[in-house]
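Take a look at the structure below.
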Amino acid sequence: MAPHMSESPDDGREAYDVASIQERWLPVWDELAPFRSGRPDDTRPKKYVLDMFPYPSGDLHMGHAEAYALGDVIARYWVQRGYNVMHPIGWDAFGLPAENAAIKRGEDPIHWTYENIAQQKSSMRRFACSFDWDRVLNTCDPEFYHWNQWFFLQMFERGLAYRKDSAVNWCPNDQTVLANEQVVGGLCERCDTPVTKKKLTQWYLRITEYADRLLEDMAQLEGAWPEKVLLMQKNWIGRSSGAEVQFAIEGRDEPVTVYTTRPDTLYGATFFVVAADSELAAELADGTPAQEAFATYLETVKRTSDIERLDSSRAKSGVFLERYAINPVNGERIPIWASDYVLADYGTGAIMAVPAHDQRDLDFARAFGLPVRVVVDAGEDPAVTGVATADDGPHVNSGPLDGLGKAEAIAAINAVLDERGTGRPAVNYRLRDWLISRQRYWGTPIPIIHCAQCGEVPVPLDELPVRLPPAEGLDLKPKGTSPLGAATDWVNTTCPRCGGPGTRDTDTMDTFVDSSWYYLRYTSPHDDTQAFDPAVVREWLPVDQYVGGVTHAILHLLYSRFFTKVLFDMGLVDFTEPFTRLLNQGMVVMDGSAMSKSRGNLVRLSDELAVHGVDAIRLSMVFAGPPEDDVDWADVSPAGSKRFLARAWRLSGDVTSAPGVDVTAGDIDLRRATHRAVSEASTAIETLRFNVAVARAMELVNVTRKAIDSGCGPADPAVREAAEAVAVMLSLVAPYTAEDMWSRLGHAPSVALAGWPDVDPALLVEDLVTCVVQVAGKVRERLEVPPGITEDELRELALASPGLVKALDGRAVRTVIVRPPKLVNVVPA
RNA sequence: GCCCCUUUAGCUCAUUGGCAGAGCGCUCCCUUGGUAAGGGCGAGGUACCGGGUCCGAUUCCCGGAAGGGGCUCCA
């Protein structure tokens, strides 16, 4: 169906028919594949534009539409600018959503997953995403997770993957452990269930070893990543510097080391606290009169959820262990308490308490009647005010430190500790190692075989991938241990080292392992000999522009940065940061709040597309505001977007000059408007202000309309130039409309490859500009002057102008401020 | 509690140390062989408030208010 193709293309009277335009161009694009990247004979410079890959949970929703519309503007823009753009897509296909859905339906997660992938893929095609469909990957395919296992073993070999017994975060609902990053405010990131602690032996990746580099390399991202994300990562890593100080313990051979950021307040330590749930606490309590009280307290602590523990307004609790520590600088004997406000896994799990200068210590001291000694004079007594002072000030009650300021005191005390061998400067991080074991089915099997003789034995590389056994016959319901344990044929194997009996590790990997390196795999997604080809990766990476939600500000982005640095150290990549620029798009909300079925404000993407068409929805998303802001769907007007597109589209039918006509003979004002619009749109797009670029295109459409109806007329070559520029600009946002315009303007498809219009700088300069003449800041006269006018010429012209003379009314002139060519301000005496 | 961001037309947002703008929405007019449409005209502003710098501040600085976001027993 091509209702207007056979009619005269210039009568401008056909209707803008969204449905038929969409039908017409999809097959043409399938044929042309304008976004296939990296052909061997392609000499264009390379760019890598990456959208965060989706979970295949259901069909695409409004959030996807926004994210992919934005990513598409960037990818399509750089194609128009003559780049060989790689813009791939894939599916983050392992994980709980698929597994839970499968359990509900009693089927293998693989079916649900692949159905959704097919659905999303077809929706993306219709949504005109400029993806390179030859590079698609699914993380649940053995061809992909093979390399998760390979990376794991590489890290294992380097001591970066290790197994340890520890109290881990446990989600009682999902019945699996969680990484620290997946506990949000004490709740499971996925299901909002309060997280509890559980003692388990689990696999970890040693991300803490890279803490410093993760911090330092953020300098590379300054200005190119959202400030907010960098700040969040910085806070998450939480580097602090201070000192480790050794305290002797009465009745114990070994001293206990504490970590403090304020070694200068050592003389103010009036008691000592160990984490209640640490081994040290149990050891110290053992055999003392406090043993029973401690045991009771420990039980209470274990029952306390993270949520309660994180409530800083909660009263301090603890128990005196009937033991004493000796302050290394003054020999003072201070009582040892156990409390849950000290964390077992931060620092050394023990602290010196300085209640005068630490609020938590002060709260504890007040709760248990312990002494408070001021050692930094800040003018107030914390024991009286209840507010610990952390400010700088002269030290008091501190022996040799008396009179010193904070910085000098720290230096002095460090020297003393060093000399006596009882302390040294130290650094600590809030960041913990990344726990990657999961007690669930739908993930990458951990390629380790446990052998009674040999311990943890890696699966030989030539036996990878360790394939997930079929779900059939397995009970996938969460029960606290991995469902893989029931696949006895799979679990029981032989030890690759000694040939004796062995069992496979039954846990699967956190799916964030998949997303930590998937962007590398796109460069050679079908390579079955290696994770990626380092030579090809060198050509494409790092990613030039990454687009995705801010929900991944810490998790995915931190892990990816960590992986990249490990790969750099392995010599597999030649860069240390994977994503050069990052755009965090906002969310699509409805009436101010997140869309959800239960809230009843869910807008279905498929409905919107059916009513307004793909282009109008894409345009609405892009034009709604700055990309990082939320889009409130209640505030946008897809019908208005559609009207605009129809108005733009009609231009293409009004042009009567022939393709290739000499535009330099065209109407100068319209040409200026065209070149200014293209120039400003380019800047806007390159600074990620896509809404502004759209506004410029809208203005150009309006100007062109006027030129046709009441200006230079439809035959003027400038009208063709303007209409073609509109088509190319719109090709980034409204591909169907743009393609149809391009065709009606007499060109062959595809407009996506038409090339961005060249801007003639001469056309950006006005012949005459309006100069404002002010008297005391008020406009009294306007002059049309050439833009190159000199200061003297302009002053003379302005002083002689009638409006000024009248306004001055004979008064003397005190000062004349001349800012050619735009302004003259005359200040009367 | 600490830190960050935002505040310009009814809505969403541009812009700029010097005339305050766009789109959407709205009024009215034209078109009635483009019609669940098209074209035109127009209204609409104390640029959150208060101080400062400056010839001149919506813009820069300080303070306040409102809204939004992040962090919060990490010694």
Side-chain angles (χ1 to χ4, degrees), chain A residues 11-16 185 226-229 231-232 234-240 242-243 258-263 265 269 273 275 309-314 316 339-343 345-354 357-361 363-364 387 428-432 550 553-554 592 619-620 623-626 628-632 634-641 643-644 646-647 650 653 680 684 689 691-699 701-702 705-706 708-710 770-779 781-782 814-819 822-828:
Chain A
D11 71 356
R13 299 240 159 169
E14 314 87 333
Y16 170 70
E227 204 59 43
K228 191 171 91 171
V229 173
L231 185 67
M232 284 168 71
K234 196 174 162 217
N235 288 340
W236 186 261
I237 296 166
R239 182 192 149 104
S240 78
V258 303
Y259 172 74
T260 176
T261 54
R262 294 293 304 274
T265 62
V273 188
R309 210 183 56 76
L310 283 171
D311 178 6
S312 49
S313 65
R314 189 173 65 113
K316 290 279 182 289
S339 174
D340 65 354
Y341 87 91
V342 171
L343 306 175
D345 61 350
Y346 181 77
T348 61
I351 62 156
M352 64 175 204
V354 184
H357 308 297
D358 182 285
Q359 191 60 47
R360 297 152 299 181
D361 296 347
D363 293 344
F364 193 86
V387 179
N428 252 296
Y429 301 91
R430 198 179 164 288
L431 183 71
R432 307 295 148 84
V550 74
I554 292 174
L619 178 70
S620 300
F623 185 54
E628 58 275 12
D629 285 7
D630 286 350
V631 175
D632 193 329
D635 290 336
V636 304
S637 167
S641 296
R643 267 198 297 280
F644 161 71
R647 204 154 63 234
R650 245 181 284 115
E680 288 179 14
R689 286 142 57 235
N691 56 322
V692 177
V694 171
R696 295 298 167 264
M698 287 173 165
E699 287 161 28
V701 167
N702 290 344
R705 179 82 261 152
K706 276 204 171 92
I708 291 171
D709 291 346
S710 54
T770 304
C771 174
V772 179
V773 181
Q774 300 176 335
V775 174
K778 290 199 165 57
V779 181
E781 178 80 81
R782 276 158 208 190
R814 193 175 61 170
T815 325
V816 182
I817 293 112
V818 186
R819 292 284 177 277
K822 295 188 73 178
L823 176 120
V824 176
N825 187 21
V826 177
V827 186

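The figures that follow rest on heavy atoms only: side chains count, while hydrogens, waters and symmetry mates do not. All figures in this text were calculated on a predicted structure; none of them were measured in a lab.
Residue A/S240 places at least one side-chain N or O closer than 4.0 Å to OP1 or OP2 of B/rA75. Remark: A/R689 is not in phosphate contact with B/rC13, judged by side-chain N or O atoms under 4.0 Å from OP1 or OP2. The phosphate of B/rU72 (OP1 or OP2) has a side-chain N or O of A/R430 nearer than 4.0 angstrom. Under 4.0 angstrom from either OP1 or OP2 of B/rA75 there lies at least one side-chain N or O belonging to A/Y346.
The CG atom of A/L431 sits 10.0 Å away from atom CD1 of A/I554, with the distance rounded to the nearest 0.5 Å. Taken from CD1 in A/I237 to CZ in A/R432, the straight-line distance is 13.0 Å, to the nearest 0.5 Å. Between the NZ atom in A/K234 and the CZ atom in A/R430 there is a gap of 13.5 Å [rounded to 0.5 Å]. Within the model, atoms CZ of A/R262 and OG of A/S240 stand 12.5 Å from one another, a figure rounded to the nearest 0.5 Å.
Atom CG in A/L619 sits about 14 Å away from atom C1' in B/rA22, given to the nearest Å. The separation between A/D635 atom CG and B/rA22 atom P is 20 Å, rounded to whole Å. The CD-C1' distance, from A/E628 to B/rG70, rounds to 16 Å in whole Å. We find that CG of A/D345 is positioned 13 Å from C1' of B/rC73, with the value rounded to whole Å. Taking atom CD on A/E227 and atom C1' on B/rC4, their separation rounds to 9 Å, with Å as the unit. Atom C1' of nucleotide B/rU12 and atom CG of A/N691 are separated by 9 Å, given to the nearest angstrom. A/Q359 has its CD atom 13 Å from the C1' atom of B/rC2, to the nearest Å. The distance between atom CG of A/D630 and atom P of B/rC11, rounded to the nearest whole Å, is 18 Å.
Within the 4.5 Å cutoff, the side chain of A/R705 has heavy atoms near those of the A/I708 side chain. Side-chain contact between A/S339 and A/F364: present, with at least one pair of heavy atoms (C-beta onward) separated by less than 4.5 Å. Using a 4.5 Å cut-off on side-chain heavy atoms (C-beta onward), A/D361 and A/I351 make contact. Counting heavy atoms from C-beta outward, A/E680 and A/V692 have side chains that stay 4.5 Å or more apart.
Both cation-pi conditions hold for A/K316 and A/Y341: the charged atom is under 6.0 angstrom from the six-membered ring centre and inside a 45 degree cone around its axis.
Heavy-atom distances to RNA chain B give each of A/I351 and A/L231 a nearest nucleotide, and the one nearer the 5′ end belongs to A/L231. Nearest-nucleotide positions on RNA chain B place A/N235 closer to the 5' end than the other of A/G349 and A/N235.
Separation of the P atoms belonging to B/rC19 and B/rC11 is 25 Å when rounded to the nearest angstrom. Taking atom C1' on both B/rG38 and B/rU31, the two are 8 Å apart, rounded to the nearest angstrom. A gap of 26 Å separates the P atoms of B/rA65 and B/rA14, to the nearest Å. When the C1' atom is used for both B/rG1 and B/rA43, the distance is 49 Å, rounded to whole Å. Of the C1' atoms belonging to B/rC13 and B/rA47, the separation is 13 Å, rounded to the nearest Å. Rounded to whole Å, the separation between the P atoms of B/rC48 and B/rA20 comes to 15 Å. Nucleotides B/rA36 and B/rG23 have their P atoms positioned 25 Å apart, rounded to a whole Å. Comparing B/rG44 with B/rG63, their P atoms sit 37 Å apart, to the nearest whole Å.
Comparing B/rA75, B/rA22, B/rA14 against the side chain of A/T261 picks out B/rA75 as the nearest. Checking B/rA75, B/rC13, B/rG69 against every side-chain atom of A/T260, the shortest atom distance belongs to B/rA75. For A/S637, whose side chain is taken as the heavy atoms from C-beta onward, the closest listed nucleotide among B/rG69, B/rC73, B/rC24 is B/rC24. Which of B/rC11, B/rA14, B/rA75 sits closest to the side chain of A/V342 comes down to B/rA75. Checking B/rA14, B/rA22, B/rC11 against the side-chain heavy atoms of A/R696 singles out B/rA14 as nearest.
Pairing partner, B/rU46: none, since no Watson-Crick or wobble contact has both distances short of 3.5 Å. Base pairing of B/rU15: no nucleotide in any strand meets the Watson-Crick or G-U wobble criterion (both distances under 3.5 Å). B/rC60 is paired with B/rG52 under the Watson-Crick or G-U wobble criterion, all donor-acceptor distances under 3.5 Å. Nucleotide B/rC41 has no partner under the Watson-Crick or G-U criteria, as no pair reaches both atom distances under 3.5 Å. B/rA66: Watson-Crick or G-U partner is B/rU6, with both key distances under 3.5 Å. Under the Watson-Crick or G-U wobble criterion, with both distances below 3.5 Å, B/rU27 is left unpaired in every strand shown.
For A/K316 against B/rC73, a side-chain-to-base donor-acceptor contact under 3.5 Å is present.
Within 4.0 Å of A/D629, counting heavy atoms only, lie sugar-phosphate atoms of the nucleic acid but no base atom. Across all strands, A/R239 comes closer than 4.0 Å to no nucleic acid atom at all (heavy-atom distances). Counting non-hydrogen atoms under 4.0 angstrom, A/F644 reaches nothing in the nucleic acid.
Partners of A/Y259 under the ring-ring contact (aromatic ring centres under 6.0 Å, His included) rule, at least two apart in sequence or in another chain, do not exist in this structure.
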Give me the distances for all protein-to-nucleotides 38-44 of chain B N/O pairs that come in under 3.5 Å?
unit_1	atom_1	unit_2	atom_2	d
B/rG38	O3'	A/R650	NH1	3.2

